[in-house]
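Note on naming: letters A, B, ... go to the chains in the order of the sequence lines (proteins, then strands), and numbering restarts at 1 for each one.
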2 protein chains.
Amino acid sequence: MSSHSHHTIRQAILDRIQTGEWALGELIPGEAMLADEYGCARTTINRALQGLANDGVVIRKRKGGTRVCDMPVRQAKFNIPVVREQVEALGSVYRHQVTRRVEKAPPTAVQKRLGLAPGTKSLQLDTVHLADDRPFAFETRWVNTRAVPAILDAPLDEISANEWLVQTVPFSSGDVVFCAVNAGKDVAEALGAREGAAVFVIDRTTSLAGEFITTMQLYYREGYQLHSQL
Amino acid sequence: MSSHSHHTIRQAILDRIQTGEWALGELIPGEAMLADEYGCARTTINRALQGLANDGVVIRKRKGGTRVCDMPVRQAKFNIPVVREQVEALGSVYRHQVTRRVEKAPPTAVQKRLGLAPGTKSLQLDTVHLADDRPFAFETRWVNTRAVPAILDAPLDEISANEWLVQTVPFSSGDVVFCAVNAGKDVAEALGAREGAAVFVIDRTTSLAGEFITTMQLYYREGYQLHSQL
DNA sequence: TAGTGGTCTAGACCACTCA
DNA sequence: GAGTGGTCTAGACCACTAT
């Protein structure tokens, strides 16, 4: 009876795919048939298959049936934690320093990203994140003060802009880009690295309800790695 | 009362969180209560909330209720496609070249990763992936021939090892690491880049049913970016 | 121990899409 | 037009855990 849980059935079906019972791209039996085979309700099969579809293992189409994904695209889910938590997870003491704070009209690239009218002022913030007083990451950020005016009064020496935003504007959406760059003079200096060092970068722009909030680049110190399961 | 779809309700609840109706870390009403409020079955509320929990927006505990996640960890889901598809998605012609193919005992680091007994031979493969005959990525790989003996007879000049493995051993699990490194002499040469260039690396080890299949590092050409939504 | 989420069921209807 | 997945419901029981 416990073999009727959608988890169990999902794993059972995955096994049958992995053992090659159904080849890549092949149609697998319909929900009704599987429900009959496993002796459970169709709803349960549905959940199991939706889970597999969500993981990219199968593709489902109404009337088209369910088939094994013929070009399995590996999906990896990453957690992008607040820097302070990363540092503390390493057992180090976190501290941050705001190295620049100005209000001015951003360069056009940033202006476009934030969807601002030309000449609109924004808040530019550079922050160095420290682990045990050694540089851990360097952050350059522009904040759309029109969307989040309250940030001008935030105590950014006590709480990093990132955390302040997370607490104030939670669950905004946006996009992320990962890449590698050679450290320029400014980044190298902030991180205490040599110029030209390979640095891992997270570039992120977030918005809420269609309004852009902030855009930032986070340069991690050398050797940083981002882990995930797949 | 209006729309009873779990998508709609999920969005409605998310809105109520984003507008601050429920603060970070705060308990939100139980399923039964929400079901009553929205005039739908508890099952429907359950689906909506499970979705939000899956996205890290809320945390749910039996008896503890559902509360807004107080330290929102941004989650990003990435697709890691087969290199050929990446190249073709750019509108370029894909080709690959196997630059090294030897069977020998791997260094201890690789031996441990693949869970091999000391001295066990493995297949080492270096591959250059080309886009319009220009280097796109450089791959170094070790394959556990005990787990996948058939690869010794695979036509790896026609199909890349990656694709052959994907088709032969689909949906294996494993882990991924992203990082940035300065190109060494070999990588620089393979990619046609200068030594020391910042290179984006995907390091991946996959296994199936507890047996390690393969481990590889994929070095992308300069300027490569990995995109995602959050 | 009581309360909350987790899940299964049986039945129903709908929406999409392939032929 | 017909077949398949998508979803909602009402009810039931279970499993976990906070108090």
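- One interatomic measurement links the two molecules: CD1 of B:Ile9 to C1' of D:dT7, which rounds to 12 Å at whole-angstrom precision.
- Using a 4.0 Å cut-off between charged nitrogen and carboxylate oxygen, B:Lys77 and B:Asp55 do not count as a salt-bridge pair.
- Residues of residues 48-63 of chain A having a heavy atom closer than 4.0 Å to DNA chain C, listed by number: A:Lys61, A:Arg62, A:Lys63.
- Without hydrogens or angle criteria, A:Asp175 side chain to B:Gln229 main chain gives no donor-acceptor distance under 3.5 Å.
- Between D:dC8, C:dC8, D:dG5, one nucleotide has an atom nearer to the side chain of B:Thr44 than all others, and that is D:dC8.
- No side-chain heavy atom of A:Thr214 sits less than 4.5 Å from a side-chain heavy atom of A:Trp142.
- In this structure, A:Ser207 contributes its side chain and A:Gly210 its backbone to no donor-acceptor pair below 3.5 Å.
- Between B:His96 and B:His129, the two ring planes are tilted [angle within 30° to 60°].
- Listed by residue number, A:Gly30, A:Glu31 are the residues of residues 21-31 of chain A with a heavy-atom contact under 4.0 Å to DNA chain D.
- Shown here is A:Arg146, whose CZ atom has no more than 12 heavy atoms of other residues, nucleotides or ligands within 6.0 Å.
- Looking at which nucleotide of DNA chain C each of A:Arg42 and A:His7 is closest to, the 5′-most match is held by A:His7.
- What separates CD1 of A:Ile45 from C1' of D:dG6 is a distance of 15 Å, to the nearest Å.
- With A:Thr66 as the partner, the side chain to side chain donor-acceptor pair (under 3.5 Å) test is satisfied by one option alone out of A:Glu31, A:Arg60, A:Gln50: A:Arg60.
- Closest approach to the B:Asn46 side chain among C:dG5, D:dC8, D:dT9 is made by C:dG5 (side chain taken as heavy atoms from C-beta onward).
- Using the six-membered ring where Trp is involved, A:Phe200 and A:Tyr220 have ring planes that are tilted, between 30° and 60° apart.
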